[in-house]
Undergrad: 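One structure, as structure tokens, below. Some questions next.
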Amino acid sequence: MEKMEDIRGLAEELIDEKEVLQLSRELIRIPSVSQHEHKASKHVHRVLDKWGLSPRFVPVEGYGPNVVSEIGQRNAPSVVLNGHIDTVEVMRGWKHDPFGAKVEKGMLYGLGSLDMKCGLAALMVAYRALAESGVPKGARVVLQAVTGEEDTGAGTRKLIAKGGFRKAKGVIVGEGFGALSGISIGRRGGSYFEIEVIGRAAHGAEPERGINAISDAAGIVQALDRMKMRWARDMTGDDFLPLREDQTVLKISGGSGTLSVPESCAVKIVRCTIPGAKHDVEAEIKAAIRRLRLKSRVKVGLLRNQKDLYRPFVTDLESDLVKTASKWLRVYGRGRPALVIGRSEADDNQIAHETGVPVVCFGPGELGELARYHQAEEAIHVDQLGPSAKAYFATALDLVR
Ligand SMILES: [Zn+2]
């Protein structure tokens with residue numbers, strides 16, 4: 001109890017809530033669409049440098065550089081704070097300036113306000129407070145501001161390859177769904193499939209002589225949309241609803257536009273997979289297509305590139321990381337936090353699978369109608385920014401002390 005009071009006192013003393021808002025606004029004002037993060041990376045570096053935290057750039061091919069900083073004893077076991085600098089592109093429908101960072105009725109508007117510049121600002125302020133409070137001997141805290149997350153996760157992938165998670169005891173990703181009322185302790189995966197439909201060309205004025213690959217692909221798309229998705233037993237998604245699989249058709253391409261029956265067509269789909277599921281998704285898809293008895297030949301293939309195969313994971317509920325984060329969200333969040341599974345794949349999947357280090361994800365965010373992630377008019381309630389920074393600070397300090 002004494003330790004808890006002590007950490008709480010330090011959080012109050014060292015974290016200025018207004019500063020989190022100020023830094024969030026600065027970050028929103030610098031556009032940083034994936035692959036164009038350079039200016040924002042520089043700003044993160046400049047701020048950490050001004051705070052005396054010796055940041056360094058880690059180049060990421062095709063993207064702005066990551067910014068990394070470390071405090072504590074070299075090579076000691078660490079707690080890693082990870083957040084991404086980049087955003088998706090500006091979409092239609094904005095009424096506010098997406099780079100204006102205007103605060104209106106307690107909400108901060110801007111591209112990346114939810115996803116995840118406020119989370120990154122809160123991590124940075126927490127990290128500075130950790131440096132000021134002093135990390136005990138034999139421990140280390142690492143801050144990673146990464147690029148390319150909204151694209152293929154190149155920034156975090158680079159840090160994994162360079163050993164940035166070696167000796168890590170736990171990773172806190174600062175992306176918050178549910179506004180400090182939940183912790184993502186795992187994520188669904190994403191398995192991407194390409195379905196190739198091969199028909200037979202013929203003169204377009206004599207379609208009966210060919211096999212139309214596009215028409216058959218259209219039947220396949222409908223059959224895919226009708227497939228039954230399974231529910232995960234005892235798991236809740238980060239929308240706070242029961243978790244299940246999803247399947248979405250992402251792309252269809254084929255035909256030449258000349259007066260010929262199209263002989264080929266390709267369909268790309270994603271299956272959002274649930275942790276612990278044992279069934280064979282590829283076999284299910286093949287069976288659904290076989291039942292259509294098409295004349296075209298159909299090939300189904302799982303895409304195995306790193307960016308096409310994110311495996312689902314769940315962090316051990318009994319780990320120090322989950323227990324400590326839960327403890328501190330009871331203080332700074334909204335009571336006992338729900339332990340949820342992120343519906344979308346993210347950097348967490350890579351970290352969990354490539355390094356085996358426990359990962360949790362929480363922070364400032366919204367739920368329901370206001371959860372405008374990757375949508376126009378993205379905005380966030382600013383009253384969670386300070387408490388988020390305190391929750392990061394307290395969780396990390398508690399883990400290293
Ligand atoms: Zn994000």
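Atom set for the values below is all heavy atoms of this structure, side chains included, hydrogens, waters and symmetry mates excluded.
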Undergrad: With a cut-off of 6.0 Å (strictly less than), are more than 12 heavy atoms of other residues, nucleotides or ligands near CZ of R372?
TA: yes

Undergrad: For a quick test of reading the model, state the closest non-hydrogen atom pair linking S113 to I380 and the distance between them.
TA: O-CD1, 3.8 Å

Undergrad: If you apply the rule salt bridge (Lys or Arg N to Asp or Glu O under 4.0 Å), what do you find for R8 with E12, and how did you get there?
TA: CA-CA 6 Å; R8 239 180 131 153; E12 293 309 318; 5.6 Å; no

Undergrad: Hey, is the main chain of L114 close enough, under 3.5 Å, to the side chain of E378 for a donor-acceptor pair?
TA: yes

Undergrad: Under 3.5 Å, is there a donor on one side chain and an acceptor on the other for Y63 and D86?
TA: no

Undergrad: Looking only at atom types and distance, does a side-chain atom of S69 sit under 3.5 Å from a main-chain N or O of L53, one as donor and one as acceptor?
TA: yes

Undergrad: State, with a plain yes or no, whether a side-chain heavy atom of H43 is found less than 4.5 Å away from one of K39.
TA: no

Undergrad: I need the minimum non-hydrogen distance between G190 and V270, along with the two atoms involved.
TA: CA-CG2, 4.2 Å

Undergrad: Determine whether R188 and E245 satisfy the following criterion, salt bridge (Lys or Arg N to Asp or Glu O under 4.0 Å), listing intermediate values before the conclusion.
TA: CA-CA 8 Å; R188 295 197 299 188; E245 295 178 301; over 6 Å; no

Undergrad: Using a 6.0 Å cut-off, check whether atom CD of E369 has over 12 heavy atoms from anything other than its own residue.
TA: no

Undergrad: Return the minimal non-hydrogen interatomic distance between S181 and R334, and the atom names on each side.
TA: CB-CD, 4.0 Å

Undergrad: Heavy-atom distance under 4.5 Å between the side chains of F57 and K42, does that happen here?
TA: yes

Undergrad: Sub-3.5 Å donor-acceptor pair from the side chain of E70 to the main-chain atoms of R140, do we have one?
TA: no

Undergrad: Side chains of D216 and S296: donor-acceptor distance under 3.5 Å anywhere?
TA: yes

Undergrad: Please test M116 against E149 for side-chain contact (heavy atoms from CB on, under 4.5 Å), starting from the C-alpha separation and ending with a verdict.
TA: CA-CA 10 Å; M116 55 158 283; E149 198 272 351; over 6 Å; no

Undergrad: Applying ring pair (Phe, Tyr, Trp, His ring centres under 6.0 Å), run through Y392 and F362 and close with a yes or a no.
TA: CA-CA 9 Å; Y392 295 143; F362 63 90; 5.2 Å; yes

Undergrad: Using only atom types and a distance under 3.5 Å, with no angle test, would you say the side chain of N305 pairs donor to acceptor with the backbone of K307?
TA: no

Undergrad: Please determine whether the number of non-hydrogen atoms from other residues, nucleotides or ligands lying under 6.0 Å from atom CZ of R166 exceeds 12.
TA: no

Undergrad: If you draw a 6.0 Å radius around CD in E104, do more than 12 non-hydrogen atoms from other residues or ligands fall strictly inside?
TA: yes

Undergrad: Under a 3.5 Å threshold, yes or no: a donor from one side chain and an acceptor from the other, between R271 and Q247?
TA: yes

Undergrad: Can you name the nearest heavy-atom pair linking S184 to D238, along with the distance?
TA: OG-CB, 4.2 Å

Undergrad: Check whether any side-chain heavy atom of P312 sits under 4.5 Å from a side-chain heavy atom of I274, and report yes or no.
TA: no

Undergrad: Look only at the side chain of R25 and the backbone of A101, and say whether a donor-acceptor pair between them is shorter than 3.5 Å.
TA: yes

Undergrad: Would you sort out whether I185 and I341 count as a side-chain contact (heavy atoms from CB on, under 4.5 Å), showing the intermediate values?
TA: CA-CA 6 Å; I185 46 126; I341 302 292; 4.2 Å; yes

Undergrad: Does any part of the side chain of L309, heavy atoms only, come nearer than 4.5 Å to the side chain of S191, both counted from C-beta?
TA: yes

Undergrad: Going by heavy atoms in the side chains, are N66 and I85 under 4.5 Å from each other?
TA: no

Undergrad: With a 4.5 Å cut-off on side-chain heavy atoms, are T152 and Q306 touching?
TA: no

Undergrad: In this structure, which one of K390, K327, K323 forms a salt bridge (charged side-chain N to carboxylate O under 4.0 Å, His left out) with D398?
TA: K327

Undergrad: Would E26 and K117 pass as an ion pair if we require N to O under 4.0 Å?
TA: no

Undergrad: With a 4.5 Å limit on heavy-atom distance, are the side chains of M91 and Q375 in contact?
TA: no

Undergrad: Could you go step by step and tell me if D320 and K169 meet the salt bridge (Lys or Arg N to Asp or Glu O under 4.0 Å) rule?
TA: CA-CA 9 Å; D320 277 355; K169 295 197 298 186; over 6 Å; no

Undergrad: Tell me the closest heavy-atom pair linking S34 and D151, and the distance in Å.
TA: OG-CB, 3.5 Å

Undergrad: Determine, for E345 against R187, whether the closest basic-nitrogen to carboxylate-oxygen distance falls under 4.0 angstrom.
TA: no

Undergrad: Check whether any side-chain heavy atom of E175 lies under 4.5 Å from a side-chain heavy atom of H84, and answer yes or no.
TA: yes

Undergrad: Does D115 use its side chain to pair, donor to acceptor, with the backbone of G112 at less than 3.5 Å?
TA: no

Undergrad: Could you tell me whether a side-chain N or O of S388 sits under 3.5 Å from a main-chain N or O of G363, the two making a donor and an acceptor?
TA: no

Undergrad: Report the residue from L81, L14, V400 that forms a side chain to side chain contact (heavy atoms under 4.5 Å, CB included) with L130.
TA: L81

Undergrad: Counting N and O atoms only, with roles assigned by atom type, does the side chain of K137 sit under 3.5 Å from a partner on the main chain of Q73, one being a donor and the other an acceptor?
TA: no

Undergrad: Measure from the side-chain N and O atoms of E377 to the backbone N and O of H96, and report whether any donor-acceptor pair falls under 3.5 Å.
TA: yes

Undergrad: List the steps and the verdict of salt bridge (Lys or Arg N to Asp or Glu O under 4.0 Å) for D308 and K268.
TA: CA-CA 11 Å; D308 292 319; K268 187 179 180 184; 3.8 Å; yes

Undergrad: Give me the one residue out of I220, I252, V221, I285 that meets side chain to side chain contact (heavy atoms under 4.5 Å, CB included) with I269.
TA: I285

Undergrad: If you take all heavy atoms of I351 and T355, which pair is closest and at what distance?
TA: O-OG1, 2.5 Å

Undergrad: If we ignore hydrogens and angles and just use 3.5 Å, is the side chain of E206 paired with the main-chain N or O of H203 as donor and acceptor?
TA: no

